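What follows is one structure encoded as structure tokens, with my remarks underneath.
Note that the numbering runs from 1 along the sequence shown for the chain. Because the structure is a prediction, the values reported are computed rather than measured.
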Amino acid sequence: MDIDKILEFDQVRNKWKESALTKAAADKIEGITCYLDERKLRKNLQDTTDARNLIEACGMPPLASIDEAKEITARAVREGCLTPEQLERVEKLLTAVRRIKDYLEKGKAYENPLAWYEENLDALSELREEIAAQIRCGEVDDHASRQLQQIRSEMARTREKMNQKAEQAMRAQKECMADQFCTVRNGHICIPVKKDYKWKVKGVTIDQSSTGSTLFIEPLAVAKLQEALQLLELEEENEVSRILYTLSAMVADQAEAIEENIRIIEKLDFIFSKGKLSVEMDAAAPSINTERRIQLKNARHPLMDKDQCVPLQFAIGQEADGVVITGPNTGGKTVAIKTVALNCYLAQCGLHVTCEVAEICMNSSFLCDIGDGQNLTENLSTFSAHIKNVLEIIRDVTPESLVIMDELGSGTDPTEGMGIAVSILEELRQSGCLFLVTTHYPEVKEYADRTERIQNARMEFDKRTLRPTYRMVIGEAGESCAFYIAQTLGMPERMLKTAVRAAYGTHAAETYAAAADCADPHGTDTGKRTRGKAPKIKRAGKKAGAASLSEKFHIGDSVMVLPDKKIGIVCAPVNEKGVLRVQMPHKKIWINHKRVKLHVAAEEMYPEDYDFSIIFESVQNRKIRHDMSRKYTEESILVEDEK
């Protein structure tokens, strides 16, 4: 039984996870379940309240994602050297710690208990300032040390000299150049020399163009400076490594403090995520009891729009342990029981509830049967699925359970379903649990009326507008309003009486009196059936049948002539007399369509627009017909005798 999905807590959980910034907090939210320890539950609810109060007083906390910081710190301890990017992330973590410390320090003015977490955080200002001074934009800064600054300045001067030497060589031998600019190839400053003038330029060939017509040569003067630059680069690399190792050692020395910062920030992120969710849902802190008592004032479903949701008033546990809710379809019964159950579930997960005031008892389990539960793979019908869930609930129920059941006893014969519904209610009553059920059976309402510790409740229905009000009234049984709705919408009195007779017997039908302004507001209901004005069916006549007969065979179709079963080809389609002409070997015959059976359709044997005169006419006739289409001729086409 997936309670999270049935009660739609999974959707609330997804909204809650969006408020978390760290992976640890998100993972904790994903695995959250109801607290069964009263002290832990009260502590978590107080944390949620404190987070909500601090957010309202000081704004949103300046928390940041720190998911990689723990791994980076462990690497500093394990391997000894971090990259500039990793050191920058450590600096961002420490900056976040400083900001959250400042935020919590402000909270102390409001005497908020969460504000004292500030004392468990260490901003490590010296380490943060060292990293910030020496690492910038993912690289070791030029001013990280005096020696590094000198080395990089000398490197810049050497590169400038190399460019000057290369440009001098190009100007001195301008006629040998393939281009006007020097370039860098394989880390060397080169000049582009035409292949034919290679012997005129002194230097080392580094590369050539794709066509081979241009050589990229490093002049000798530049090559000498290149060696000096390589030595400077080695010195730079050594100095950068020294700085990185020094900073990494500082991080490793403070690993314990950094890990404690990470732990506190992850804990605060989880707590503040609950406060953010409370603000988003406009929720309130519930009071918790263990006396099996639930009372909700102006409760609403957490996933419904606050402006469109009708507030729910609900109480159970004092006068009754069970509530049987009745009322019309789409009257809000299912939403009502989900609202009660989901708010109780939220409270027991340490979250605020979407109520103005809420007193909620702790429950050892939430047992629900909502929805039709059909499962084709398990061959479960609606009724089978309900019974399967009910048996699980009866097996697991305890006096500290909260049971929610929708459409009790539905999905089967009404009489038997009613009996099963009453037996389920009696079993739940004897278990001592709290339970809410919805039903349409009048016998179940009567059972609730005469049974101790069970109350009826109804969802209001506005008979004037034919719309539900979605308001619950405890202590009164509801009605389905089916007859009233049908009557108001214009169902004739004779049909209503038939319905009443079928539902409640002959005596009820005889005493039933329909309101004249509802059943027949214009005085037109005579009790007689009137003929409808639906469009008539247009039936096909004989001509349509003849037309379909003419389409039975087409010229070129291969057919079997019965009873001889000889094969021929249709050369004239079926006429109005039902006769067609078939080309047989050496002759053409006329035959009734009933003696002919299609063998192969012409479209399967011949290409589109095939000239069937090749088959049905003699070569002489085809030649004469061809001449007639071009010129005047004395010849005439010979027509075969019809047999």
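Note on ring orientation: taking the six-membered ring where Trp is involved, the planes of Tyr103 and Phe272 are perpendicular (angle over 60°, cut-offs 30° and 60°).
At a threshold of 4.5 Å between non-hydrogen side-chain atoms, the residues Pro302 and Leu346 count as touching. Taking 4.5 Å as the limit, some side-chain heavy atom of Arg300 sits within range of a side-chain heavy atom of Asp282. For the pair Ser401/Leu434, no side-chain contact is recorded, criterion being any heavy-atom separation below 4.5 Å from C-beta on. Annotation: side chain of Leu296 is not in contact with side chain of Glu359 (no heavy-atom distance under 4.5 Å). Residues Cys433 and Leu428 form a side-chain contact, since some pair of their non-hydrogen atoms from C-beta on lies under 4.5 Å apart. Taking the side chain as every heavy atom from C-beta outward, Val324 and Lys445 never approach each other to under 4.5 Å. Between Asp369 and Ile404, the closest side-chain pair of non-hydrogen atoms is not below 4.5 Å. Residues Leu277 and Leu351 are in side-chain contact: their nearest non-hydrogen atoms beyond the backbone lie under 4.5 Å apart.
A salt bridge is absent between Asp406 and Lys333; no separation between the charged side-chain nitrogens and carboxylate oxygens falls under 4.0 Å. Checked for salt-bridge contact, Arg128 and Glu91 miss the test: no charged N lies under 4.0 Å from a carboxylate O. A salt bridge does not link Glu259 with Lys70: none of the charged nitrogens is closer than 4.0 Å to a carboxylate oxygen. Using a cut-off of 4.0 Å between Lys/Arg side-chain N and Asp/Glu carboxylate O, Asp321 and Arg453 are scored as salt-bridged. Salt-bridge formation is detected for the pair Arg242/Glu239: a Lys NZ or Arg NE/NH1/NH2 atom is positioned less than 4.0 Å from an Asp or Glu carboxylate oxygen. Taking the charged nitrogens against the carboxylate oxygens, Arg157 and Glu154 do have a contact shorter than 4.0 Å, which makes a salt bridge. Contact check on Glu280 versus Lys276 returns no salt bridge, with no Lys/Arg side-chain nitrogen under 4.0 Å from an Asp/Glu carboxylate oxygen. Note on Glu38 versus Arg42: salt bridge recorded, some NZ/NE/NH1/NH2 to OD/OE distance being below 4.0 Å. A salt bridge does not link Asp67 to Lys23: none of the charged side-chain nitrogens sits closer than 4.0 Å to a carboxylate oxygen. Ion pairing between a basic and an acidic side chain is recognised when a charged N comes within 4.0 Å of a carboxylate O; Lys43 and Asp47 show such pairing. Ion pairing between Lys92 and Glu88 fails under the 4.0 Å rule for side-chain N and carboxylate O. Under the 4.0 Å criterion applied to side-chain N and carboxylate O atoms, Glu18 and Lys15 are not assigned as salt-bridge partners. Electrostatic pairing of Arg292 and Glu400 does not count as a salt bridge here, judged by no charged N lying under 4.0 Å from a carboxylate O.
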Practice prompt. Evaluate the side-chain hydrogen bond (donor to acceptor under 3.5 Å, both in side chains) criterion for residues Thr326 and His440: first the C-alpha distance (whole Å), next the side-chain angles of each, then the deciding distance (0.1 Å), finally the verdict.
Written response: CA-CA 6 Å; Thr326 51; His440 282 292; over 6 Å; no
Worksheet item: Given Lys388 and Glu392, is the salt bridge (charged side-chain N to carboxylate O under 4.0 Å, His left out) satisfied, shown in steps?
Response: CA-CA 6 Å; Lys388 185 171 182 282; Glu392 288 182 9; 3.6 Å; yes
Fill in: Stepwise side chain to side chain contact (heavy atoms under 4.5 Å, CB included) check, Phe366 with Gln348
CA-CA 11 Å; Phe366 290 79; Gln348 208 160 333; 3.7 Å; yes
Practice prompt. Check step by step if side chain to side chain contact (heavy atoms under 4.5 Å, CB included) holds for Leu127 and Glu129.
Written response: CA-CA 5 Å; Leu127 175 59; Glu129 290 170 1; over 6 Å; no
Worksheet entry | Stepwise salt bridge (charged side-chain N to carboxylate O under 4.0 Å, His left out) check, Glu319 with Arg293 | CA-CA 10 Å; Glu319 298 180 3; Arg293 190 172 63 254; over 6 Å; no
Practice prompt. Applying side chain to side chain contact (heavy atoms under 4.5 Å, CB included), run through Leu303 and Glu8 and close with a yes or a no.
Written response: CA-CA 9 Å; Leu303 300 176; Glu8 298 173 326; 3.9 Å; yes
Worksheet item: Please walk me through it: do Glu130 and Met250 pass side chain to side chain contact (heavy atoms under 4.5 Å, CB included)?
Response: CA-CA 9 Å; Glu130 282 292 324; Met250 294 176 68; 3.8 Å; yes
Item to complete: Test salt bridge (charged side-chain N to carboxylate O under 4.0 Å, His left out) on Asp142 and Arg152 and set out the steps.
Response: CA-CA 7 Å; Asp142 293 349; Arg152 287 182 173 172; 2.6 Å; yes
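Expressed to the nearest 0.5 Å, how far CD1 of Ile66 lies from CD1 of Ile258 amounts to 11.0 Å. Note: Ile393 CD1 to Cys368 SG = 7.0 Å, rounded to the nearest 0.5 Å. Rounded to the nearest 0.5 angstrom, Asn456 CG and Arg458 CZ are separated by 11.0 Å. A distance of 9.0 Å separates CD of Gln254 from CG of Leu94, quoted to the nearest 0.5 Å. To the nearest 0.5 Å, atom CG of residue Leu41 and atom CG of residue Leu36 are 9.0 Å apart. In this structure, CG in Asn363 is found 5.5 Å from CD1 in Ile294, a value given to the nearest 0.5 Å.
In terms of heavy atoms, Gly350 sits closest to Leu45 at C-CD2, 3.6 Å. Between Pro62 and Ile100, the shortest heavy-atom contact is CD-CD1, 3.9 Å. Trp16 approaches Ser273 most closely through the heavy-atom pair NE1-OG, 3.0 Å. A pairwise comparison of heavy atoms in Pro113 and Asp50 identifies CG-OD2, 3.5 Å as the closest pair. When all heavy atoms are compared, the tightest approach of Ala20 to Ala25 is CB-CB, 4.0 Å. The two residues Gln313 and Ile474 make their nearest non-hydrogen contact at O-CD1, 4.3 Å.
Each ring pair (Phe, Tyr, Trp, His ring centres under 6.0 Å) pair with one or both residues in residues 41-97, not counting sequence neighbours, would appear here, but there are none. Sorted by first and then second residue, the ring pair (Phe, Tyr, Trp, His ring centres under 6.0 Å) pairs involving residues 285-316 (not counting sequence neighbours) form an empty list. Within the structure, ring pair (Phe, Tyr, Trp, His ring centres under 6.0 Å) contacts touching residues 107-134 (residues at least two apart or in different chains) do not occur.
With Asn238 contributing its side chain and Leu234 its backbone, the two residues share a donor-acceptor pair below 3.5 Å. Between the side chain of Glu56 and the backbone N or O of Asn53, no donor-acceptor pair lies under 3.5 Å.
Both tests pass for Lys28 against the ring of Phe270: distance under 6.0 Å to the centre and angle within 45° of the axis.
None of Lys108, Arg98, Arg99 except one satisfies the salt bridge (charged side-chain N to carboxylate O under 4.0 Å, His left out) rule with Glu118; the exception is Lys108.
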